[in-house]
Amino acid sequence: MVYLTGDTHGDIDRFRHGRLRWLSRRDTVVVLGDFGFVWDGSKEEQKKLDWLRKRPYTLLFLDGCHENYDLLAQYPTEERFGGTVQALGGNVYHVCRGSMLTLEGKKYLCFGGAESQDKEEREPGVNWWPQEMPSDEEYAYCEKTLEENGWQVDYVLTHDAPSRFLDFTALALGESNRLHLFLDKILLKLHYEKWFFGCYHKDVALSTKSRCVFCEIIPMK
């Protein structure tokens, strides 16, 4: 079974308690960004990451706006699950932006990244990285992936969301950025069953086809 959950921000309790505690090697967990276990490189963080590497299930995560992109860049990339990932050891993988994963026969378009609302208060290379926002190459790779798949997927997994989702909710304030507009663009062309995203620290279904995920554990039946 594939399970989705939202931002974990380095909180190991999400994995130690509740539903995830009982998963087996047949299962996969996907974190929709702000994983947070590649952040400060401390010994305590390494202990948590080592514990996650020893879980029997596969753990995948999208990147968000609270990742240490310098540390993340040290991990090697490889082709797995039908897309491009970075292997962090054990069964833990970062899913690179624009990858189309095939999990249990379903296609998942994955695209991380988001803009920190408080970036002016953060220090570059310490608790903020410009790589939080996708590059031209990553946008192009995502579109190429969709072209190759005829703009048809089963599920879309992102950290942030199209502005068309956010405009009709209380999730976001302020102006749309380039990422929002890019997601708007692919939304208009894409055929999909459901779209899941994290980022906004709420568990709420916006429609029958779109859902914001935070602490919930959602089985993909």
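Everything numeric in this text was worked out from a predicted model, so none of it was measured.
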Please walk me through it: do S163 and D184 pass side-chain hydrogen bond (donor to acceptor under 3.5 Å, both in side chains)?
CA-CA 6 Å; S163 66; D184 282 345; 2.3 Å; yes
Looking at L179 and P134, what are the two nearest heavy atoms and their distance?
CD1-CG, 3.9 Å
Separation between CD (E147) and NZ (K144), nearest 0.5 Å, reads 10.5 Å
So, does T145 use its side chain to make a donor-acceptor pair with the main chain of G98 at under 3.5 Å?
yes
Identify the heavy atoms of R14 and G6 that sit nearest to each other, and give their distance.
NH1-O, 3.4 Å
Would a hydrophobic clustering, with Ile, Leu, Val, Met, Phe, Trp and Tyr connected at side-chain separations under 4.5 Å, put L157 with Y192?
no
What is the minimum heavy-atom distance between L166 and D160, and which atoms define it?
CD1-OD1, 4.2 Å
Is there a side-chain contact between L146 and M100 in this structure, where contact means two heavy atoms from C-beta onward sitting under 4.5 Å apart?
yes
Minimum-distance pair of heavy atoms, taken over all atoms of G41 and L71:
N-CD1, 3.7 Å
One thing to verify: whether K185 and E143 come together as a salt bridge, which I'm taking to mean a side-chain N less than 4.0 angstrom from a carboxylate O.
yes
Roughly how far apart are M133 CE and N177 CG, rounded to 0.5 Å?
4.0 Å
Using ring centroids (six-membered ring only for Trp), state whether W39 and W128 fall under 6.0 Å.
no
Report yes or no: do V95 and V213 belong to one cluster of Ile/Leu/Val/Met/Phe/Trp/Tyr joined by side chain heavy-atom distances under 4.5 Å?
yes
Calculate, to the nearest 0.5 Å, the distance between atoms CZ and CG belonging to R164 and L206 respectively.
15.0 Å
Is the closest basic N to carboxylate O distance between E104 and K106 below 4.0 Å?
no
Whether N127 side chain and R122 backbone form a donor-acceptor pair below 3.5 Å
no
With a 6.0 Å cut-off (strictly less than), is the heavy-atom count around NZ of K209, excluding the residue itself, greater than 12?
yes
Please, which pairs that meet ring pair (Phe, Tyr, Trp, His ring centres under 6.0 Å) have at least one residue in residues 50-74, sequence neighbours excluded?
H9-H66, F35-F61, F61-H94
Evaluate the side chain to side chain contact (heavy atoms under 4.5 Å, CB included) criterion for residues F196 and I218: first the C-alpha distance (whole Å), next the side-chain angles of each, then the deciding distance (0.1 Å), finally the verdict.
CA-CA 10 Å; F196 298 89; I218 299 176; 4.3 Å; yes
If only atom types and distance count, is the side chain of D27 paired as donor or acceptor with the main-chain N or O of L23 below 3.5 Å?
no
N/O donor-acceptor pair under 3.5 Å between N149 side chain and W151 backbone
no
Give a yes/no verdict on a cation-pi contact between R211 and Y200, requiring under 6.0 Å between NZ or CZ and the six-membered ring centre and an angle within 45° of the axis.
no
Ignoring hydrogens and geometry, is there a side-chain-to-backbone donor-acceptor pair from T28 to V2 under 3.5 Å?
no
Are the side chains of T84 and E79 in touch, meaning some heavy atoms are under 4.5 Å apart?
yes
Any chain of hydrophobic side-chain contacts (each under 4.5 Å) joining V85 to L72?
no
To the nearest 0.5 Å, tell me how far I186 CD1 sits from L181 CG.
12.0 Å
Do any pairs count as a salt bridge (charged side-chain N to carboxylate O under 4.0 Å, His left out) and have a residue in residues 60-69, sequence neighbours left out, and if so which ones?
D63-R97
For A161, is there any backbone N or O sitting under 3.5 Å from a side-chain donor or acceptor partner on T158?
no
So R178 and D136, do their side chains get closer than 4.5 Å, heavy atoms only?
yes
For W195, run the ring pair (Phe, Tyr, Trp, His ring centres under 6.0 Å) check against Y155, Y108, F165 and tell me which one passes.
F165
Rounded distance (nearest 0.5 Å) linking atom CG of L103 with atom OG1 of T58:
9.0 Å
Applying the 4.5 Å side-chain criterion to the ILVMFWY set and letting contacts propagate, would L60 and F37 be lumped into a single cluster?
no
Ring centroid separation for F182 and F111, is it under 6.0 angstrom?
yes
Salt-bridge present (D13, R21; N to O < 4.0 Å):
no
Is any side-chain heavy atom of Y3 closer than 4.5 Å to one of V30?
no
Does D7 reach the main-chain N or O of C199 with its side chain, forming a donor-acceptor pair under 3.5 Å?
yes
Proximity of Y75 and Y93 rings by center, below 6.0 Å
no
Any L101 side-chain heavy atom under 4.5 Å of C110 side chain
yes
L32 side chain near T5 side chain, heavy-atom distance below 4.5 Å:
no
Value rounded to 0.5 Å, distance of CD in Q152 from CG in L109
13.0 Å
For S99 and C96, work out which heavy atoms get closest and say how close.
OG-O, 3.0 Å
With side-chain hydrogen bond (donor to acceptor under 3.5 Å, both in side chains) as the test, would you mind laying out the steps for S116 and E132 before giving the verdict?
CA-CA 8 Å; S116 297; E132 67 179 20; 2.7 Å; yes
Donor-acceptor pair, side chain of T77 and main chain of Q86, under 3.5 angstrom
no
Does the side chain of P56 reach to within under 4.5 Å of the side chain of N91, using non-hydrogen atoms?
no
Which salt bridge (charged side-chain N to carboxylate O under 4.0 Å, His left out) pairs, counting each pair once, include a residue from residues 32-53, with sequence neighbours left out?
D50-R53
Answer yes or no: is there a side-chain heavy-atom contact under 4.5 Å between F197 and L183?
no
Does V29 share a hydrophobic cluster with L4, counting links as ILVMFWY side-chain heavy atoms below 4.5 Å and allowing steps through other members?
no
For G64 and H159, the nearest pair of non-hydrogen atoms, with its separation, is CA-CD2, 3.4 Å
